[in-house]
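Let me begin by presenting the structure, written as C-alpha cells, before commenting on it.
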Amino acid sequence: MNKNYQRYTVTAALPYANGPKHIGHLAGAYIPADVYVRYLRLSGKDVIFVCGSDEHGTAIPNQALKEKTTPQAIIDKYDSLIRDCFYKLGMSFDIYHRTSEPIHHQTSQDFFLTLHQKGLLTEEVSEQYYDEEAKVFLADRYIVGTCPKCGYANAYGDQCEKCGSSLSPSELINPRSTLSGKSPVLRPTKHWYLPLQNYESWLREWILESHKEDWRASVYGQCKSWIDAGLQPRAMTRDLNWGIKVPLPDAEGKVLYVWFDAPIGYISATRALFEEIAEKKKKFATPQRDFGKIQKDDWKKYWHNEETKLVHFIGKDNIVFHCIIFPIMLHASGEYILPDNVPANEFMNLEGDKMSTSRGWSIEMHEYLEDFPDKPDVLRYVLLTNLPETKDSEFTWKDFQAKNNNELVAIFGNFVNRALVLTQKYFDNKIPALGALIDVDKNIISELKNFPSQIAFSLESYRFREATASLMDLARLGNKYLAETEPWKLAKNDLPRVGTILNLALQIVANLAVVCEPFLPSSSKKLKEMLAFDGTDWTKTGSIDLMKAGHPLGNASLLFEKIEDQVIENQIKKLNDKKNAMELASLPAEAAKPEISFEEFSKMDIRIGKILKAEPVEKSKKLLKLQVDTGIDVRTVMSGIAEHFSPEEITGKQITILVNLAPRKIMGVESQGMILMASDKDGKLRLLQPSEVVAPGSKVS
RNA sequence: GGCGAGGUAGCUCAGUUGGUUAGAGCAUCGGAUUCAUAACCCGAAGGUCGGCAGUUCAAAUCUGCUCCUCGCUACCA
C-alpha cells in the first residue's frame, strides 16, 4: 500500500502479565517495533508508540493460585517487572499502559456496547462447567483432570502443561474444580458471540486481495488458512470474576473475553496518553517527543483518521487475533482504521531448543539485565541480526559473544576509536579542516550518501536484519577508508591531508551516531557525548557536514568491550542449571485426587493382558489399533500411544488394561477398554507391567 | 490426517517480478598493515540451492509428487 500517510500508530503486543518475558518476546515484537518507531521519529514523522500490560484472562487468577496470592498482586508484580525491563532495554514507548486501568475498562465496555447496540453480537446459551460449592462457572483453566493424551493427572481444561496438547474441559478424565476439588456439573450459561463468518467476504477482500503483496508470507498464509477453514462465531464473554464486566443488565458474573479487551488496550493506551499529556498529569505516559499543544480527544486522529498508518508488531502466536478478530471488531464498530501491516515474527529458539519460561529454557529479560546491566545494546544488536523474520531463528551464547566481539567491538567500536584517537593525537581533539578531495575521498562520500536511504528502505519494508547489516557495513566503510588512506603514515609530512581524511572519518562517525540510534540507542547517546554532537535528524544524514571543522570533541572512551569466554561459559552453565532446577522442582508428585470409597474402586476391573497385534491407524498420528488378549477374550483397543511406541516394539508385551470401561467408537472403530500407562514427567509413556510374567487375565487389585 | 511456513556454503541467514561464473557475516586458510580493544584492510577456498519428475531457450525461483523441521488443527477414554 503506497498511501501517503500523515501519521503513524505503532503498537507492540501487550505482554501478558502472568510472568516474566524472555528474549524471544523481544525478538518477536518489541525490538523491531522500537527500531521502527525510533527511525520514524528521527525522520520527523508524527508517530505514537503504545504498549502496556495485558492483565486479564483466566491465567492471571490461575497464576495467583500458584503463587498463593491475589490476581491484583500478580499483575502488579509482573507489570512492574516487565515495565522496568522494557525501559532498561531502551523501548521508547510513548506510553506503557495497563489493561486494569479504569480508562481501559471504559473503552472496552464502550466498544462492546457499540457492537451490541448495532446488533452485531449474537447471544447463545451453552453448557459450561459449574462449581456448585463455589457457586461459579469455571473457566477452562479452573478445571483440572487427567489428560486424555498423556495421562497427566493435573491437566488444565484448556491445556495439558505436561504434554502441551490443547484440550477442552469436556475431554478431561475425572474433571474437578480447582476451587472446591469437587466434580463440576454442566449448567447452561449465556454468552455474546461475534459471528466472524459474517465478515468472510470482507476479510477475503481486505486481506487476500489487497494485502497479498505487502504482508509477510507467513502472516498472509495463516490468515488464508483460517479463512479457508471456515470462520465461526466466537464468544466475546466469559464466566469469570476477573476482568472487565460485561456492561449489560443481565450479565452478572460475566466479563469480556481477554482477547476482546486486550487489543482494545492499544486504543485505551492512546487515549490515556493524550489525556495525561493534555491534563499534564503523567502517570503512565512517557512521551518521546514534544506533542505540542494537544487536546484530550486528539487520540482519535490516531485511530479514526484514514491518513494514519496503523502497524501492529506481534509474534506469530498472535496472528489470528491481530489479523482477523481485532480487525473485524474495528471494522464492525464502524469508525476505526485497520492495520496497514502486521509484520509478525516467527519464534526464536535458544541453543537448539524451543524457548520456554516454564521449562526453564529461556533467557528472561530481567536475568539478562542482571548479568549485563550496561549492555542493553548488545542484546538489541544480537537479536536484530538474527530476528526470526521469515522463519524460526536461533540464539546461542557463542553467537552472542561473536557478534559482540567481532562486530560491535572490532568493527563499529574500533572504527570510532581509531578516528577519535587519531584526532586527539594529531589535531588536539578538534575536528580538522577539509582540504582538497581526491578520488578515494569522493568515492567514500558517494557511498556514505547511499547508506541512510538504503537503511530507511529496509526499515520501511520491515526488514530489520537487513537494515542492521547495512548499519554495520557503514562502520566497515569507515575502517576501509582509514586502511586505504593510512593517515598515520602521512602525518609526518602532510598534516593537512591527514586533516582531510580525519574530517571525513569523523563525519562518518557522526553519521553512525545518528543512524545507529534506532538500533543502539544507548550507544548512540554515548557516541554523541564523545563527539560533543547532538544531531537527531535522519534527513540530514548521508552528508559530510554534520560537524564543523574546529569543533572540539568530547572525551573518548570505548563504546563496546570484549566479552571473554568465561562469561559465555557461565551463561551456558546457568541456562542448563536453570533447566535442571525446573525439572527437579516439578518432580514432587501431584496432589492426590479426591477420596473415593472402596466400592467405587472395586467397580474397576483391571487385568493384565498381552498385546497380540498392533497396527497404525490410517489418518491418525497418535492412535494405535491393538488386539489384546485379556484372558477373558481377545478384544480391540484403540490407544493414543503411537507417538511413544511403534507397533513392532509393543507387540507381545504384557500390559495393564481396564476391561470394564464402556466401549466407545474412536475413528470409526469400537474400542473396548483402556490400556493403563505411566506417564513420566516429560510426558513420555511407559507400559505398566508385572515384575514377572503372569497369566493373561490376572486381576489387579 | 488437514491447513500454513520453512528446508540455500561448516554455522547463522539473504536471494526482489525465472536470465549470464548462487550472495553476506562468522568460522577456516593465505596476504598486507600497525592509528586502533592482536583489532582493521585485501584475497582464497567452501554449495549438484532437501529429493524426484515436469514446464521453459533458461528454474534456488513456476507446477506436481516425495522426505524432513516448525506452527495451527483433528483423532486420544
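Being a predicted model, the structure only gives us computed values, none of them experimental. FYI, side chains are in, hydrogens and waters are out, and symmetry mates aren't considered; it's all heavy atoms of this structure. So that the names make sense, note that chain A is the first sequence line, chain B the second, and so on, each numbered from 1.
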For atom P, what is the distance between B:rG18 and B:rA58, given to the nearest Å?
-> 15 Å

In whole angstroms, how far is the P atom of B:rG25 from the CG atom of A:Leu384?
-> 19 Å

Looking at every strand, decide which applies to A:Leu422 at a 4.0 Å heavy-atom threshold: base, sugar-phosphate, or nothing.
-> base

With P as the reference atom in both, quote the distance from B:rU56 to B:rU66 in angstrom, rounded to an integer.
-> 23 Å

Aromatic ring centroids of A:Tyr381 and A:Phe519 under 6.0 Å?
-> no

C1'-based separation of B:rU16 from B:rA60 [nearest Å] | 14 Å

Look at the aromatic rings of A:Phe400 and A:Phe395 and report parallel, tilted or perpendicular, splitting at 30° and 60°.
-> tilted

Does one side chain, of A:Tyr462 or A:Arg216, offer a donor that lies under 3.5 Å from an acceptor on the other?
-> no

What is the distance from CG of A:Leu623 to P of B:rC75, rounded to the nearest Å?
-> 10 Å

Does CG in A:Asp374 sit with more than 12 non-hydrogen atoms of other residues, nucleotides or ligands closer than 6.0 Å?
-> yes

Check every strand shown and say whether A:Asn406 touches a base, only sugar-phosphate, or nothing at a heavy-atom separation below 4.0 Å.
-> sugar-phosphate

When rounded to the nearest Å, what value does the distance between P atoms of B:rG10 and B:rU73 take?
-> 37 Å

Touch class at under 4.0 angstrom, heavy-atom based, for A:Leu559 against every strand present | base

Rounded off to whole Å, could you give me the CZ-to-C1' distance for the A:Phe560 and B:rA39 pair?
-> 15 Å

Give the B/S/- string for nucleotides 5-11 of chain B, one per nucleotide from 5' to 3', where a protein heavy atom under 4.0 Å of the base yields B, of only the sugar-phosphate yields S, and otherwise -.
-> SSS----

Assert: residue with more 5' nearest nucleotide on RNA chain B, out of A:Leu477 and A:Leu661, is A:Leu477

B:rC65 - base-pair partner by Watson-Crick or wobble geometry, distances under 3.5 Å = B:rG51

Atom pair distance, as rounded to whole Å: CZ in A:Phe347 and C1' in B:rC72 | 10 Å

Partner of B:rA32 by Watson-Crick or G-U wobble geometry, both contacts under 3.5 Å, or none?
-> none

Touch check for A:Lys425, heavy atoms < 4.0 angstrom, all strands: base, sugar-phosphate only, or nothing?
-> sugar-phosphate

Closest heavy-atom pair and its distance - A:Cys223, A:Cys323 | SG-CB, 3.3 Å

Could you tell me how the ring of A:Tyr368 sits relative to the ring of A:Trp397: parallel (under 30°), tilted (30 to 60°) or perpendicular (over 60°)?
-> parallel

Base, sugar-phosphate alone, or nothing: which one does A:Lys224 contact when heavy atoms must sit under 4.0 Å apart?
-> nothing

Tell me what A:Met472 touches on the nucleic acid: a base, only sugar-phosphate, or nothing, going by heavy atoms under 4.0 Å.
-> nothing

Using the C1' atom on both, measure B:rU55 against B:rC65 and round to a whole Å.
-> 15 Å

Rounded distance in Å between the P positions of B:rC11 and B:rC49 | 16 Å

Parallel, tilted or perpendicular: rings of A:Phe412 and A:Phe560 (30°, 60°) = perpendicular

Any side-chain N or O of A:Lys562 less than 4.0 Å from the OP1 or OP2 oxygen of B:rA39?
-> yes

Could you work out which one of B:rA77, B:rC40, B:rU33 sits closest to the side chain of A:Ala410?
-> B:rC40

When all nucleic acid strands are considered with a 4.0 Å heavy-atom cut-off, which category describes A:Lys398: base, sugar-phosphate, or nothing?
-> nothing

In terms of side-chain heavy atoms of A:Asn479, which of B:rC70, B:rA77, B:rC41 is nearest?
-> B:rC41

Tell me whether the OP1 or OP2 atom of B:rC42 has a side-chain N or O from A:Lys480 closer than 4.0 Å.
-> yes

Verdict with supporting geometry, A:Lys398 and A:Glu351, salt bridge (Lys or Arg N to Asp or Glu O under 4.0 Å) | CA-CA 9 Å; A:Lys398 232 184 127 221; A:Glu351 300 281 356; over 6 Å; no

Write down the distance between CD1 (A:Ile227) and C1' (B:rC3), rounded to a whole number of angstrom.
-> 13 Å

Quick one: label A:Thr385 by what it contacts on the DNA or RNA (base, sugar-phosphate, nothing), any heavy atom closer than 4.0 Å.
-> nothing

A:Asn414 has an atom CG; how far is it from atom P of B:rC41, in whole Å?
-> 9 Å

Measure from the side chain of A:Arg418, starting at C-beta and using heavy atoms only, and say which of B:rC40, B:rU33, B:rC13 lies closest.
-> B:rC40

Write down the distance separating the P atoms in B:rA27 and B:rG4, rounded off to the nearest Å.
-> 40 Å

In A:Leu422, A:Leu506, A:Leu495, the residue satisfying side chain to side chain contact (heavy atoms under 4.5 Å, CB included) with A:Phe427 is A:Leu495

Nucleotide opposite B:rA24 in a Watson-Crick or G-U pair, distances under 3.5 Å | B:rU12

A:Thr396 near the nucleic acid: base, sugar-phosphate alone, or nothing, with a heavy-atom cut-off under 4.0 Å?
-> nothing

To the nearest angstrom, the CG-P distance between A:Asn318 and B:rC72 comes to 12 Å

Where the side chain of A:Ser225 is concerned, which of B:rG25, B:rC41, B:rG4 is the nearest nucleotide?
-> B:rG4

Look up atom CG in A:Leu471 and atom OG in A:Ser458, then write down how far apart they are to the nearest 0.5 Å.
-> 11.0 Å

If we take the C1' atom in both B:rA9 and B:rA24, what is their distance in whole Å?
-> 11 Å

From the list B:rC70, B:rA36, B:rC26, which nucleotide is the closest neighbour of the side chain of A:Asp392?
-> B:rC70

Mind checking A:Arg465 for me? I need base, sugar-phosphate or nothing, with any heavy atom below 4.0 Å counting as a touch.
-> sugar-phosphate

Scan every strand shown for a Watson-Crick or G-U wobble partner of B:rC3, both distances under 3.5 Å, and answer none if you come up empty.
-> B:rG71

Checking all strands, does A:Glu484 fall into the base, sugar-phosphate, or nothing category for heavy-atom contacts under 4.0 angstrom?
-> nothing

Write down the distance between NZ (A:Lys316) and P (B:rC3), rounded to a whole number of angstrom.
-> 19 Å

Pi-cation contact, A:Phe347 with A:Lys354 (under 6.0 Å, within 45°) = no

Counting just side-chain N and O atoms, does A:Asn417 come under 4.0 Å of either OP1 or OP2 of B:rC40?
-> no

For A:Val421, answer base if it contacts any base atom (sugar-phosphate contacts may also be present), sugar-phosphate if it contacts only those atoms, and nothing otherwise; contact means non-hydrogen atoms under 4.0 Å.
-> sugar-phosphate

